[in-house]
Every structure is written in C-alpha cells, then in structure tokens.
Amino acid sequence: MPEAGFLVKKNAHRTRRGGLPLQVAREIAQRILTGTYPPEQTIPVESVLVEEFGVSRSALREAIKLLTAKGLLATRPKLGTQVRPEAQWSHLDPDLLAWRAELGVEEEFARHLAEVRQLFESEAAALAAVRASPAQRQLILEAVVDMEQAGSLDQQVAADLAFHRHILEAAGNPLLLSLGGAVWGALAQSFAAGVKDKDAWTGALDRHRHVAKAIAAGEPEAARTAMLEIITRHVDEVGSSRTPREREKR
C-alpha cells in the first residue's frame, strides 16, 4: 500500500487545475481502468482510502461523486461503492479519456478512437472543402507548415491538434467542433504515441498535406478520402510504435 499522503505529494503541481478531489478521482479511475478495481466489485471502504491517500473524508466523497457522475461508480445502501459495468461509463468524458490515455495508448483503444474519428472527422474534412472561407483554408495550410517546422514532440502534437481543430472549425458545424473537443486529450496522447520515429512523422506530414490541398481546392471527396487515410494509418503507427515488452503487457 502506498504511504499516506502519496497522492498529495505526487500531484501537488496539478491540484490548481482541478482541485484535490479531481486528483483523487483520477487515481481511483485509473485503478478501475487497469482492472485493480474491476467492474461490479466494491472498492475499499472510505476509511481505508482516506488513510491510503492521506486526504480528508470530504475530498474523498467529492471524488466519489465525480466518478459517479462519470458513470464509473455507484453507491448502494449496505453494499458500499461499486464499480459499474463498463457499458455504463461515460467514455467520451474528457477527464476519463485523458486518464485512460495517460496509462498508455492501447491498440484496442486506438482502434475505438479511430472508429469515432472516421465517423465525424472524415465528413468534417468534406464539409470544410465546401464551406471553408479563404481565411480558414489558409489556416489549415499554415497548420501543415507548422507541423513541418515543429522541432520537438510537443510541438508536433500541438501543430497536429491545431490542424484537426481548424478543419472542424471550417466545417461550420458547432456540434462537430464540440465532439472533437471531447477527445482532444486522448488525441494528444495518441498522436504522441504514433510519431516516435522520423519515418512515421514524414508519412503523416504527406497525408496531412493531401487533406489540406484537397480542402484548399474545394474537393470534398478527395478531402474525405485523405482524412480517412490519416486516421487508418495512425492506428497502424500506434501499434507498431509499441515495444515487444509493451505488447506482452496488453
């Protein structure tokens, strides 16, 4: 069992972003995601978790409320707090997506994320080719230049996210933009996992150029096809970037 107070020490620099209850929720959620607390099982009682995390009962209770709202937990009289079946989790919750991604991008998760992206990003690219203003087309082209000039992994991921965000904005549908915003955290982790070598990044750049050029030329079918190619190839890159040891753990 970790020493009392470990959570406060480990995540002190993060508490300002969401407060201590969110950090406690993150720890419990990741235990659920890794199977330490499996579905339909009862998590440790309040007194045990308070001592283990070194937090107050009020912070722990607030964390439980957060996870209940996200569909991960349910508190039942006389039964305690149980992990809900996975089908009932709010899988598109931004916090849950980010916490899952922090654990490492699994091939299955990358595939599920790709399927969601195929449903909305490919159509967003086609809509952008029809609806984008001249200024928006220019932003998309410039985002590719930013990707080309990125000198670090963080810069590559930031430029890649900006490229996809500009396309969703150019599609002219605020619901698509909100859907994209829900998965940005997971996409950032997934993008980072897929560009661990120069060849993968070079190939990704070529595919992004094809999308940008199709949108700039007002060719919706070409933009849709090129975006589908980005998404499909990214799943392969995430899988191939994992080491043999990482594959054995899954």
Q: Can a donor-acceptor pair be found, under 3.5 Å and without considering hydrogens, that links the side chain of Q155 to the backbone of G151?
A: yes
Q: Do V24 and L66 come within less than 4.5 Å of each other through their side chains, counting heavy atoms only?
A: no
Q: In terms of hydrophobic clustering (I, L, V, M, F, W, Y; side-chain heavy atoms under 4.5 Å; direct or indirect links), are V144 and L228 co-clustered?
A: no
Q: Residues in ring-ring contact (aromatic ring centres under 6.0 Å, His included) with H208, at least two apart?
A: F163, H164
Q: Show the nearest heavy-atom pair for residues T34 and R31, with the distance to one decimal.
A: OG1-O, 3.3 Å
Q: Which heavy atom of M147 sits nearest a heavy atom of A159, and at what distance?
A: CG-CB, 3.5 Å
Q: Under 3.5 Å, which donor-acceptor pairs do the side chains of residues 211-222 form with other protein atoms, sequence neighbours left out?
A:
residue	atom	partner	partner atom	Å
E221	OE1	R224	NH1	2.8
E221	OE2	R224	NH1	2.5

Q: According to salt bridge (charged side-chain N to carboxylate O under 4.0 Å, His left out), who are the partners of R207, at least two apart in sequence or on a separate chain?
A: E237
Q: Grab the two heavy atoms, one from A59 and one from L20, that are nearest each other, plus how far apart they are.
A: CB-CD2, 4.3 Å
Q: Do L141 and Q138 come close enough that some side-chain heavy atom pair is under 4.5 Å?
A: yes
Q: Listing request: all salt bridge (Lys or Arg N to Asp or Glu O under 4.0 Å) pairs with a residue in residues 66-87, at least two apart in sequence or in separate chains.
A: K70-D93, K70-D95
Q: Hey, could you give me each pair passing ring pair (Phe, Tyr, Trp, His ring centres under 6.0 Å) that has a residue in residues 22-49? Not counting sequence neighbours.
A: none
Q: Please identify each residue that fulfils side-chain contact (heavy atoms from CB on, under 4.5 Å) with A162, with sequence neighbours left out.
A: R165, H166
Q: Can you pull out every salt bridge (Lys or Arg N to Asp or Glu O under 4.0 Å) where at least one residue sits in residues 39-48? Sequence neighbours excluded, please.
A: E46-R57, E46-R61
Q: Can you list everything that forms a side-chain contact (heavy atoms from CB on, under 4.5 Å) with T225? Sequence neighbours excluded, please.
A: none
Q: Restricting to non-hydrogen atoms, name the atom on P38 and the atom on G35 that form the minimum distance, rounded to 0.1 Å.
A: CD-O, 3.6 Å
Q: Taking C-beta and beyond as the side chain, do L179 and L168 meet within less than 4.5 Å on heavy atoms?
A: no
Q: Write out all pairs satisfying salt bridge (Lys or Arg N to Asp or Glu O under 4.0 Å) with one or both partners inside residues 128-149, taking only residues at least two apart or from two chains.
A: E148-R209
Q: Work out which heavy atom in S90 is nearest to a heavy atom in G71; give both atom names and the distance.
A: OG-N, 4.2 Å
Q: T232: what forms a side-chain contact (heavy atoms from CB on, under 4.5 Å) with it, not counting sequence neighbours?
A: Q118
Q: Tell me whether L67 is reachable from L103 by hopping between hydrophobic residues (I, L, V, M, F, W, Y) whose side-chain heavy atoms are closer than 4.5 Å.
A: yes
Q: Give, for atom CD1 of I28 and atom CD of Q23, the distance between the pair rounded to the nearest 0.5 Å.
A: 12.0 Å
Q: Apply side-chain contact (heavy atoms from CB on, under 4.5 Å) to T75 and list each qualifying residue two or more places apart in sequence or on a separate chain.
A: I64, T81
Q: Output the distance between atom CD (E52) and atom CD (E27), rounded to the nearest 0.5 Å.
A: 7.5 Å
Q: Report yes or no: does Q136 contribute a side-chain atom to a donor-acceptor pair with the main-chain N or O of S133 at less than 3.5 Å?
A: yes
Q: Could you state whether L176 and L139 fall into the same hydrophobic cluster, counting links through intermediate Ile, Leu, Val, Met, Phe, Trp or Tyr residues with side-chain heavy atoms under 4.5 angstrom apart?
A: no
Q: Under a 4.5 Å cut-off applied to non-hydrogen side-chain atoms, are H234 and R117 in contact?
A: yes
Q: With the side chain counted from C-beta on, respond yes when W89 and V83 share a heavy-atom pair under 4.5 Å apart, and no when they do not.
A: yes
Q: Measure across L97 and L92 and return the closest heavy-atom pair with its distance rounded to 0.1 Å.
A: CD1-O, 3.7 Å
Q: L153 and W184: same hydrophobic cluster, using ILVMFWY side-chain contacts below 4.5 Å?
A: yes
Q: How long is the span from the CE atom in M227 to the CD1 atom in I231, to the nearest 0.5 Å?
A: 6.0 Å
Q: Check whether any side-chain heavy atom of N173 sits under 4.5 Å from a side-chain heavy atom of F120, and report yes or no.
A: no
Q: Sequence neighbours left out, what passes side-chain hydrogen bond (donor to acceptor under 3.5 Å, both in side chains) with T42? Give chain and number order.
A: none
Q: May I ask you to decide if W99's main-chain N or O and Q30's side chain share a donor-acceptor pair within less than 3.5 Å?
A: yes
Q: Working to the nearest 0.5 angstrom, can you tell me the gap between Q41 CD and I32 CD1?
A: 12.0 Å
